[in-house]
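Below: one structure, written as structure tokens.
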Amino acid sequence: MSFSVTTFSGSAVPFRGAKFSGSTVYFHGAAFSGGTVYFHGATFSDGTVYFDDATGAVPQGLLTAVGTPPHAGVTLPAAWLLSAP
């Protein structure tokens with residue numbers, strides 16, 4: 001599944017409770033600006049999820065969902081890792 005180069009703005013997009021497992025999902029180059037994207041309760045296991053080159057604020061709940069450090073299959077922008085609690 002690909003959300004590459006998608007702009008998330010102006011509305012709420014819930015990935016709340018989503019399961020990212022066993023496949024590859026691309027958020028490569030996605031722009032997170034002006035809207036609210038939720039990853040609260042999402043699980044990341046046995047798959048690959050690319051957020052590389054994504055821009056904007058870290059989506060809500062994402063850092064908690066992927067863990068610190070992130071699950072081995074998850075690639076995040078360096079700037080997002082710097083904002084980890």
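Since the structure is predicted, the reported quantities are computational estimates derived from the model, not experimental observations.
Under a 3.5 Å cut-off, the side chain of His28 and the backbone N or O of Asp52 do form a donor-acceptor pair.
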(request) Would you please test Trp80 and Leu62 for side-chain contact (heavy atoms from CB on, under 4.5 Å) and show each step? (result) CA-CA 10 Å; Trp80 289 4; Leu62 180 64; 3.7 Å; yes

(request) Could you go through the side-chain contact (heavy atoms from CB on, under 4.5 Å) check for Val58 and Phe32 one step at a time? (result) CA-CA 8 Å; Val58 179; Phe32 295 90; over 6 Å; no

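Closest approach of Thr68 and Leu63 over heavy atoms only: OG1-O, 4.2 Å. The shortest heavy-atom contact between Ser33 and Ser9 is O-CB, 2.6 Å. Here the closest heavy-atom approach between residue Ala54 and residue Pro77 is recorded as O-CG, 3.6 Å. Closest heavy-atom contact between Tyr38 and Gln60: CE2-OE1, 3.2 Å.
Considering only heavy atoms from C-beta on, Pro70 comes within 4.5 Å of Leu81 through its side chain. Using a 4.5 Å cut-off on side-chain heavy atoms (C-beta onward), Val5 and Tyr26 make no contact.
Under the 30°/60° scheme for interplanar angles, the aromatic rings of Phe39 and Phe15 are found to lie parallel. Below 30°, between 30° and 60°, or above 60°: for Phe3 and Phe8 the angle between ring planes is between 30° and 60°, a tilted geometry.
Rounded to the nearest 0.5 angstrom, Asp53 CG and Thr75 OG1 are separated by 10.5 Å.
Between Thr43 and Ser45, the side chains place no donor N or O within less than 3.5 Å of an acceptor N or O (distance only, hydrogens not considered).
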